[in-house]
2 protein chains.
Amino acid sequence: MTVTETAAGRLVRIGEVARAAGVSTRAVRYYEQQGLLISERSPSGQRLYRQDAVTLVRFFQQMFAAGLTSRRIAELLPCWDSGHTDADQRAMLRAERDRIQAKVDDLQAALDRLDEVIAITDTHP
Amino acid sequence: MTVTETAAGRLVRIGEVARAAGVSTRAVRYYEQQGLLISERSPSGQRLYRQDAVTLVRFFQQMFAAGLTSRRIAELLPCWDSGHTDADQRAMLRAERDRIQAKVDDLQAALDRLDEVIAITDTHP
DNA sequence: CTTGCCTTTGACGTTAACGTCAGGTTTTAG
DNA sequence: CTAAAACCTGACGTTAACGTCAAAGGCAAG
């Protein structure tokens, strides 16, 4: 309990963030390099993250799974941080939303194709 | 109309296949190299495909979009060609089906997150 | 003090489905 | 016949999100 532990929360090292979020430390360093995470540094140079970094990393994983690049996520981060958005950001949000929706439709179509084949091959031993 | 043009259908060159399926000729050669397509060769060495190759290529595109690798598609091709499947193939079919379904769920979750943000930023100019 | 785990920077490796260029042959349109 | 368009093989380039290894420091426990 040092003087620096105020309402801002406890600071955690990279390993704890990685374990809590279910990713590698390499991934966390990569996110920081891409401008997705910010860290303070201990006197010896070790990264210290705020504990909400764990939530952020989980969110990044979800966006990556949806096909967003780290660049795009970085461009849209202000929408979460500040709640403020300009016209460009709103357009990007809708574009990504539409792209994901199209992808869902594609996947659903592929799923239907596979289910057809499964049904046929199951009744056709 | 040569003697070889029987009920098997007309043979088309790679460019026609590519255009009809909406891909590059490079992609078609790649598919053949991966064992997804078969071609006869003209006396001068040009690839000649059966016209149903177009349907196949479109199908490959759909499977690629669903995250299947060319290797996996090649392993499952007999399920379409012959209708016959062994236990391994049926297991693979279900595994891919489940993986795609999980991916759809992930995408839907990401979509909901984005829609939340869009709703907030739209009412919060 | 030393053992062992955690962290650092730096840099090369991976993967899949092609893109792209080079240099040469073939087919087609006129 | 000739020029353009299409085709061939071969081979290197691309991309994103990390994996992996190297060499070296840092930190609590016993």
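Computed over heavy atoms, backbone and side chain alike; hydrogens, waters and symmetry mates excluded. Note on naming: letters A, B, ... go to the chains in the order of the sequence lines (proteins, then strands), and numbering restarts at 1 for each one. A quick note: this is a predicted structure, and the numbers were derived from the prediction, not measured.
- Near DNA chain D, defined here as any heavy-atom distance below 4.0 Å, there are no residues from residues 96-108 of chain B.
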Donor-acceptor pairs are to be reported for all side-chain atoms of residues 56-64 of chain B against protein atoms at under 3.5 Å, with residues two or more places apart or in another chain.
from  : atom 1 : to     : atom 2 : distance (Å)
B/R58 : NH2    : B/A20  : O      : 2.5
B/Q61 : OE1    : B/Y31  : OH     : 2.6
B/Q62 : OE1    : A/R113 : NH1    : 3.2

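- Taking the side chain to side chain contact (heavy atoms under 4.5 Å, CB included) definition, one finds that A/D86 meets it with A/D88, A/Q89, sequence neighbours left out.
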Return a table of donor-acceptor pairs under 3.5 angstrom between the side chains of residues 36-44 of chain B and protein atoms on other chains or two or more places apart.
from  : atom 1 : to    : atom 2 : distance (Å)
B/S39 : OG     : B/E32 : OE1    : 3.3
B/S39 : OG     : B/E32 : OE2    : 2.8
B/R41 : NH1    : B/G45 : O      : 2.9
B/S42 : OG     : B/S44 : N      : 3.3
B/S42 : OG     : B/S44 : OG     : 3.1
B/S42 : OG     : B/G45 : N      : 3.4
B/S42 : OG     : B/Q46 : N      : 3.1

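- Each ring-ring contact (aromatic ring centres under 6.0 Å, His included) pair with one or both residues in residues 86-119 of chain A, not counting sequence neighbours, would appear here, but there are none.
- For B/E16, the side chain to side chain donor-acceptor pair (under 3.5 Å) partners are B/R10, not counting sequence neighbours.
- Regarding A/R47, its CZ atom lies at a distance of 15 Å from the P atom of D/dG26, rounded to whole Å.
- With sequence neighbours left out, the side chain to side chain donor-acceptor pair (under 3.5 Å) criterion links A/D52 to A/R50.
- Annotation: the terminal axes of the helix from C/dC1-D/dG30 to C/dG30-D/dC1 meet at 10°, where each axis is the rotation carrying the C1' atoms of four end pairs onto the next four (5 pairs per end, rounded to 10°).
- Across the protein-nucleic acid pair, A/Y49 atom OH and C/dT8 atom C1' stand 11 Å apart, rounded to whole Å.
- At the phosphate of C/dA11, neither OP1 nor OP2 sits under 4.0 Å from any side-chain N or O atom of A/R29.
- A distance of 6.5 Å separates CG of A/L114 from CG of A/L111, quoted to the nearest 0.5 Å.
- Within the nucleic acid shown, B/R72 has no heavy atom closer than 4.0 Å to any nucleic acid atom.
- The interatomic distance linking A/L48 (CG) with D/dG26 (P) rounds to 15 Å, in whole Å.
- Here D/dA16 presents its P atom at 17 Å from CZ of A/F60, a figure rounded to the nearest Å.
- The salt bridge (Lys or Arg N to Asp or Glu O under 4.0 Å) contacts involving residues 66-80 of chain B comprise B/R71-B/E75, B/R72-B/E75, B/R72-B/E96, where partners must be two or more places apart or lie in separate chains.
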At under 4.0 Å between heavy atoms, how does the protein contact nucleotides 17-30 of chain C? Give one character per nucleotide, 5' to 3', with B, S or -.
BBBB-----SS---

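- For the pair A/I14 CD1 and C/dT9 C1', the computed distance is 12 Å after rounding to whole Å.
- Atom pair A/E16:CD and C/dC6:P shows a separation of 12 Å (rounding to whole Å applied).
- Under the side chain to side chain donor-acceptor pair (under 3.5 Å) criterion, B/D115 pairs with A/R97, sequence neighbours left out.
- Separation of atoms CG (B/L107) and CD1 (B/I100) is listed at 11.5 Å; rounding is to 0.5 Å.
- Scored by the side chain to side chain donor-acceptor pair (under 3.5 Å) test, B/D105 finds B/Q101 as partners (sequence neighbours excluded).
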